[in-house]
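Here the structure comes first, spelled out in structure tokens, and everything after it is commentary.
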Amino acid sequence: MRADLIPALRPLLASAATALALSLMAPMPAMAQAPAAEDLRALIYYLDHDDQRAVQAEMRRLRAQFPRWTPPGDVNELRAMGATATASVDVAPIWARIERQDYLGARGLIDEARSRVPGWQPDAEMLRVLELNESQAAFDEAYARRDAAGAIAAARRVPALMRCDRINNAWRLAELYASAGQNANAVTTYRGVLSSCTRAGDVIPTLEKANDVASWDEMVQLFEVARQTAPANRTQIDPLEERLRAGRGGSAPRASTPRAPAATTTTTAAPAPAATAPVVSAAPSVGAPAPSVPVPAGRLALRGDGRVGQTRALKEQGNWPACLAASANPRSIELLYERSWCAYNLDRTGEALAGFSATVQSGGGLGGNVPRDARFGMILSYLAMNMTEEAARLAAATNLTQEQRITAESTILDQRGVRSFHRRDYAQSIAYLNALEQLTGPLRRDLAMLRAYAYQNNDQPRQALAEFERLNNELSTDETRAALDNARTAVTGG
């Protein structure tokens, strides 16, 4: 349990214990019973999440099932009672559904497991990934329909969609507002980004996008918000303000003194509550414990699970299935770490991410290269789930080996290049793929073809022609021949 939750949870647990103790003054059946460790899993889970309604409901269930049991008044004692609980549900099929984006199927398996195994609950990481991916899919669908209300609803269900590490969501929401003629809401959304995000790579594009919908007075306010949030970016922000001002004819003077952001003042009618933009928030610090790095299956001991040697040997042999079988229900962080590599290599990416995250949070005492390599495992897991920006942030904050850094950065550049192409940001796609080529040498053929098409769509026909000619000379296919003919036509004009 997170240490900062313990003070808040103790009164809650004490309150539940008091209510139960009062109820025990009534006559009770002759048989005395106490809950087993498995029976306490749900209660501990709800306490961890400070869900008071669920705690009270679970206490009522335990009271009915175990009428002579008196719960301890301290949450740590309760956790000790439940420490021997072991997972009795195979979560691999659930993770598999999540990873192939069958969220409804994953929910169905969770409900089935809950009904089959009383007291079982999915771990916090599974729920986090499921809820985040579900809401991202809903957001993407709403954006495709140009449905601002649907996009807002998705973001409100899971506020993490509006974090800086998913900044595209905020930009797309602002775009939906602007296309619906709600420029005030679009400006509010951009202001939220600038109030929370500090990377120049986030701030500068946000200001450029805002310039398409904001008045110059609003832009002056947005620039000052950006300066106040991230003063280190001033050397890039100031020239951008001058350039954008000049683009408007230079008639709007720059403010001589900083202005506070006018978050509550606008010359237009205030939007209805249903249309208010969700709050944009900064991503959690990589080095701090956060909801995104939970400890699976409760707090594990650092060492002590005697299966580590066997599991490590199977891992080093590449016998991933046997490795997972040998490390089922790990009882130490040390074993969980070894198991996570086997899960990753069997494409059980969500499970691997949860294990690596727990090692980063609680496994520093393992020493050696384990803390660094666990972070590398998290980076690889994020990349396998196409969570490129999460991986990039973690890579930037981790002292990786040269080989690890090349592996991480090359995949990040690959994914960013492809994503930029599909967003029709062809210049950015070319830049990413050129950087990838400089890092690793000649591009894979599919990426080289993608870059050639990006040249063509970016009004660089001669570069596109040269690239298609090279690819066709290496291996002539129907695709390269058709692309080459089109590129020649674009260059010659006929």
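Excluded from the calculations below are hydrogen atoms, water molecules and symmetry mates; all remaining heavy atoms, backbone and side chain alike, are included.
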Practice task
Run the numbers on Ile167 and Arg172 for side chain to side chain contact (heavy atoms under 4.5 Å, CB included), then give the verdict.
Solution key: CA-CA 9 Å; Ile167 195 170; Arg172 292 162 84 187; over 6 Å; no
Practice task
Before giving the answer on side chain to side chain contact (heavy atoms under 4.5 Å, CB included), spell out for Leu300 and Ser332 the whole-Å C-alpha distance, their side-chain angles and the decisive distance to 0.1 Å.
Solution key: CA-CA 5 Å; Leu300 301 177; Ser332 73; 5.5 Å; no
Problem - From CA spacing to verdict: salt bridge (charged side-chain N to carboxylate O under 4.0 Å, His left out), Glu338, Arg307 - result: CA-CA 10 Å; Glu338 300 294 344; Arg307 298 171 293 167; over 6 Å; no
Handout entry: Pair Ile237-Ile204, side chain to side chain contact (heavy atoms under 4.5 Å, CB included): steps then yes or no
Key = CA-CA 7 Å; Ile237 292 172; Ile204 300 304; 4.1 Å; yes
Practice task
I would like to know whether Ile110 and Leu130 meet side chain to side chain contact (heavy atoms under 4.5 Å, CB included); could you show each step before the answer?
Solution key: CA-CA 11 Å; Ile110 289 173; Leu130 177 56; 3.8 Å; yes
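Taking Asp446 as the reference, Arg444 meet the side chain to side chain donor-acceptor pair (under 3.5 Å) condition, with sequence neighbours excluded. Residues passing the salt bridge (Lys or Arg N to Asp or Glu O under 4.0 Å) test with Glu316, sequence neighbours excluded: none. For Glu479, there are no salt bridge (Lys or Arg N to Asp or Glu O under 4.0 Å) partners two or more places apart in sequence or in a different chain. Every residue two or more places apart in sequence or in another chain was checked for a side-chain contact (heavy atoms from CB on, under 4.5 Å) with Asn399, and none qualifies.
A salt bridge links Arg312 with Glu334; the closest basic N to acidic carboxylate O contact falls under 4.0 Å. Ion pairing of Arg107 with Glu112 is absent here, as no side-chain N (NZ or NE/NH1/NH2) approaches a carboxylate O to less than 4.0 Å.
Side-chain N/O atoms of Gln136 and Asp140 include a donor and acceptor closer than 3.5 Å. Side-chain atoms of Gln415 and Thr388 form a donor-acceptor pair, as typed in the model, at a separation below 3.5 Å. Side-chain contact of Glu389 with Asn168: a donor-acceptor pair under 3.5 Å is absent, judged by distance alone.
Counting heavy-atom neighbours within 6.0 Å of Leu475 CG, excluding the residue itself, gives a total above 12.
The main-chain N or O of Thr401 is found under 3.5 Å from a side-chain atom of Gln404 such that the two form a donor-acceptor pair. A donor-acceptor pair under 3.5 Å is absent between the side-chain atoms of Asn169 and the main chain of Phe139, judged by distance alone. When atom types are taken as modelled, the side chain of Thr359 and the backbone of Ala374 share no donor-acceptor pair closer than 3.5 angstrom. With Ser429 contributing its side chain and Asp425 its backbone, the two residues share no donor-acceptor pair below 3.5 Å. Judged purely by atom type and a 3.5 angstrom limit, Arg372 has no side-chain atom pairing as donor or acceptor with the backbone of Leu400. The backbone N or O of Arg331 lies less than 3.5 Å from a partner atom in the side chain of Asp305, making a donor-acceptor pair. Judged by distance alone, with hydrogens and angles left aside, the side-chain atoms of Thr398 form no donor-acceptor pair with the main-chain N or O of Ala395 at under 3.5 Å. Checking side-chain atoms of Asp102 against main-chain N and O of Gly105 turns up a donor-acceptor pair under 3.5 Å. A distance-only check finds a donor-acceptor pair linking the side chain of Asn345 to the backbone of Trp341 [under 3.5 Å]. Using a distance-only test at 3.5 Å, with no hydrogens or angles considered, no donor-acceptor pair links the side chain of Thr349 to the main chain of Ser381.
Residues Asp373 and Phe356 are not in side-chain contact: their nearest non-hydrogen atoms beyond the backbone lie 4.5 Å or more apart. By the 4.5 Å heavy-atom criterion applied to side chains, Arg393 and Arg199 are counted as neighbours. For the pair Met387/Leu394, no side-chain contact is recorded, criterion being any heavy-atom separation below 4.5 Å from C-beta on. Contact check for Gln428 versus Arg416: no side-chain heavy atoms found under the 4.5 Å cut-off. Proximity of Val203 to Val193: side-chain heavy atoms (C-beta onward) are nowhere separated by under 4.5 Å. The closest side-chain heavy-atom distance from Thr229 to Leu194 is not below 4.5 Å. Taking 4.5 Å as the limit, every side-chain heavy atom of Pro371 sits out of range of all side-chain heavy atoms of Leu366. Proximity of Leu353 to Met385: side-chain heavy atoms (C-beta onward) are separated by under 4.5 Å at one or more points.
Shortest non-hydrogen contact noted between Leu383 and Ile412 is CD2-CG1, 3.8 Å.
Pairs of residues two or more places apart, or lying in two chains, that qualify as ring-ring contact (aromatic ring centres under 6.0 Å, His included) and include a residue from residues 422-444 are Phe421-Tyr426. The disulfide bond (SG atoms under 2.5 Å apart) analysis of residues 315-400, with sequence neighbours excluded, yields the pairs Cys323-Cys342.
Here the straight-line distance linking atom OG of Ser196 with atom CE of Met162 works out to 11.5 Å at 0.5 Å rounding. Note: Leu447 CG to Leu436 CG = 6.5 Å, rounded to the nearest 0.5 Å.
Annotation: cation-pi pair Arg451/Tyr453 absent, no NZ/CZ under 6.0 Å from the ring centroid and within 45° of its normal. Relative to the six-membered ring of Trp171, Lys209 meets both conditions, a distance below 6.0 Å and an angle of at most 45° to the axis.
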